[in-house]
Every structure is written in structure tokens, then in C-alpha cells.
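Just so we're on the same page: letters track the sequence lines, and every chain starts at 1.
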2 protein chains.
Amino acid sequence: MTATRIGSERELLRSAGLRATEQRVAVLRALEGSPHADANGVFTAVLPELPDTSLQAVYGVLGALTEAGLVRRIEPAGSPARYELRVGDNHHHIVCTRCGAIGDVDCAVGSAPCLTPADTSGFTLTTAEVTYWGLCPDCAAAPLT
Amino acid sequence: MTATRIGSERELLRSAGLRATEQRVAVLRALEGSPHADANGVFTAVLPELPDTSLQAVYGVLGALTEAGLVRRIEPAGSPARYELRVGDNHHHIVCTRCGAIGDVDCAVGSAPCLTPADTSGFTLTTAEVTYWGLCPDCAAAPLT
DNA sequence: GGTCAGTTTTGAATCACTCAAGATAGGGGC
DNA sequence: GCCCCTATCTTGAGTGATTCAAAACTGACC
């Protein structure tokens, strides 16, 4: 009963007004398998399925999907851009300072406090983004090395 | 009564255990003049004072100052790294989505809510970082073009 | 003022990403 | 099911930000 039927990605793409190419389907499926993957990670995941895919195509697909609102692009400091399928909800990310692993975090207090700073320096504010930094379970458990 | 006496940067550097080279003093002074400058901006600001300075030296100085805790490095998505002298306090940034201008923002509710997400996915959390996105006063006032 | 490790200069290389031109393949209409 | 048109992908090259390495230099302790 998982929602990952073969055709669902095609329907998702078409409903967003995009052509359902096999590269796009493969990228969506890759992101289902590894959330928060970067462009190269998606590329690696797509290759076995579509060996002729180019890295540039992956960049193009990710750009199109991002623009269509089907994927969300996150860019933690010091890391290449990551992409995830979870869109439309207000969730944030926690990044491991040692290995770069990323986890999803729901905002404990909702969006209101974070969205209303005391003084915006005259800026017109549209969105707020929270990034947490810490250690992932694996790195916290590992010795100093 | 400004705190920007000639010698103060040298004292600051020495107290942090760093050699007070003229390049480092010049970088600190550049950051006083333009907060949130990127490496190239600092380089440009330093050149008139020290024409023989290389861009690589600026990167090296900024890296050393960041490591020593004298400057803070921020990396908004889609922008080169920016550097600022304001360290040690809990303040965040607002970035103009059109021109990339950056402003400082004090957290309206303190750091507590942002630092306590409901579920950290097993991560050990150390810091939280908030980035606001919006339009700067100039871009908000400007027509669509 | 001399000495030496920490810094900077010079030159090159890497990484993530973008651009452009031509080849290819979805998918609506028949 | 087949054709055509255009969106998309492939191939190849280029850019900007940043880092690496070796040699020249210089700040700071003595």
C-alpha cells in the first residue's frame, strides 16, 4: 500500500504541466529512495536505470521540478545543493557538522515566532528558514578518530 | 568615541593569538566599513590601502579570522560566502531575494523556541540558524522593471 | 637587530553549476 | 497506431567561488 506505484510519478509530472520523460520519472524515484540527495547523488542513483543519462540532464530535471514546485531545493552552508520531495509543509533541517547528513525537523512552535522578528531593518519579509546544526546519531556515537 | 582606533585591530588580533599583519588589519577595517561583504568585496576594499594584496590572502585571512572567532561566516543560498564582525550574539539575517542585500535581525523571541524542535531525528543539536527572505527597502520601492 | 615559524604571493587546480547548439523523444491530433 | 512539433536531453565547453602547494616574505620574541 505504499504510494510508490510505477505510474504515480508520471501522473505527478503531468498534473504539474510537465512532460513525463523517463529521466524525470527516474529522478523522482531516486529522490524517493534517498531524500536530501545532491545532484551528483541523484545522478548516481539514476545511472543504473538509465545509463545514458547525463549529469547536466539531472541538473535540468532538478531545476524544472524545483520550479514546478515538485521538489524543494536546500543549500546548507558548505554543502552542495540538496533536493527533497517533501514540499508545501513548513519543516526545517538539521545538518551534521561532521559528515553532512541531513534530517527533517518539524518546527516545535509553528512558524509564527520565527516569522516575526522584532526589527526587519526595513525589509519586506516573505519566508523564514531554520537550519539546525549538530551531530547525527552515527557521528555522535563514533569515537574522535 | 568610536571604537575604531588605529591600533584596536592589532590588539584584537593579538588577543586572539594571531599575528597582527597589515593584511589582517586591513581586512578587519574593510569589514567595519562594509558588513556582510563577500571575499571579493573585502578584497576590493583592501586594495587601495594595500595594492599588493592577493585575493588568496584575503581568503586566508578571512579563514583565519573565522577560525579564531573574530568574524562570522554566513552563506545564504545562491550567494557567495559573506563575512561580518558581529560575533558572539544570537542574531540572524534577512536576505533580499532580488538583489542579495543582507540585513541583521535580532530574534524576536530569543533563542529558546528555535533551539528546541519537537523531534531532532536522533541528532545532537548544537546551534540553530534562521535566515529570513524578503525584499530590501530599495527593491521593494523599485518598479518591476 | 637576528632568527624562524607563521603568512602571504604566485600560479594552478578543483568543485558545483551553467550555457549553448544540435540530436532526441513525449504526446496531442489525426 | 502514426506524424509532427516542441519541450527536453546530450554533448561539449565555460564560469565563479574557493582551495591547494611551493617559494618568498615578515612579524614578533629574544
Check: Under 4.0 angstrom, heavy atoms only, what part of the nucleic acid is A:A20 near: base, sugar-phosphate, or nothing?
Finding: sugar-phosphate

Notebook entry, point to check: Touch check for A:S54, heavy atoms < 4.0 angstrom, all strands: base, sugar-phosphate only, or nothing?
Noted result: base

Next item on the list: Take the protein atom CD of A:Q56 and the nucleotide atom C1' of D:dG12, then report the distance between them rounded to whole Å.
Entry: 8 Å

Check: In Å, rounded to the nearest 0.5 Å, how long is the span from CD of A:Q23 to OG of A:S54?
Finding: 8.0 Å

Notebook entry, point to check: Is any side-chain N or O of B:E22 under 3.5 Å from a base N or O of D:dG27, one able to act as donor and the other as acceptor?
Noted result: no

Notebook entry, point to check: What's the CD-P distance between A:E75 and D:dG16, to the nearest Å?
Noted result: 18 Å

Notebook entry, point to check: Between B:R29 and B:E9, is the closest basic N to carboxylate O distance under 4.0 Å?
Noted result: yes

Notebook entry, point to check: Is A:Q23 near enough to C:dG26 that one of its side-chain N or O atoms lies under 4.0 angstrom from OP1 or OP2?
Noted result: no

Check: Is the phosphate of D:dA28, meaning OP1 or OP2, less than 4.0 Å from a side-chain N or O of B:R10?
Finding: yes

Check: Quick one: A:N40 CG to C:dT14 P, roughly how many Å, whole number?
Finding: 16 Å

Next item on the list: Rounded to the nearest angstrom, tell me the gap between atom CG in B:L28 and atom C1' in C:dT7.
Entry: 15 Å

Next item on the list: Determine the contact category for B:D52: base if any of its heavy atoms lies under 4.0 Å from a base atom, sugar-phosphate if only primed atoms, P, OP1 or OP2 are that close, otherwise nothing.
Entry: sugar-phosphate

Note to self: In the structure I gave you, are the side-chain heavy atoms of A:E129 and B:V130 within less than 4.5 Å of one another anywhere?
What the structure shows: no

Check: D:dT26 phosphate, OP1 or OP2: any side-chain N/O from B:T21 under 4.0 angstrom?
Finding: no

Notebook entry, point to check: How long is the line joining CZ of A:F43 and P of D:dT11, in whole Å?
Noted result: 10 Å

Check: Would you say D:dT19 has OP1 or OP2 under 4.0 Å from some side-chain N or O of B:Y59?
Finding: no

Check: Can you hop from B:L62 to B:L85 via hydrophobic side chains spaced under 4.5 Å?
Finding: yes

Note to self: Less than 4.0 angstrom between a side-chain N/O of A:R14 and OP1 or OP2 of C:dG28, yes or no?
What the structure shows: yes

Item checked: Whichever of A:L18 and B:A39 has its nearest DNA chain D nucleotide further upstream toward 5' -> A:L18

Check: Does the pair B:R86/B:D106 count as a salt bridge with the N-to-O cut at 4.0 Å?
Finding: yes

Next item on the list: Grab the CG-C1' distance between A:L50 and C:dG26 for me, whole Å please.
Entry: 14 Å

Checklist line | Donor-acceptor under 3.5 Å (B:R10 side chain, B:A20 main chain) | finding: yes

Margin query: Categorize B:A64 for me: base, sugar-phosphate, or nothing, with a 4.0 angstrom heavy-atom threshold over every strand shown.
Written below: nothing

Checklist line | Nucleotide C:dT8, atom C1' - distance to CG of B:L62 in whole Å | finding: 14 Å

Margin query: Between C1' on D:dT8 and CZ on A:R24, what's the gap in Å once rounded to a whole number?
Written below: 6 Å

Notebook entry, point to check: Does any N or O donor sit under 3.5 Å from an N or O acceptor when you compare the side chain of A:R19 with the base of D:dT6?
Noted result: yes

Item checked: Phosphate OP1/OP2 of D:dC9: any A:T53 side-chain N/O under 4.0 Å -> no

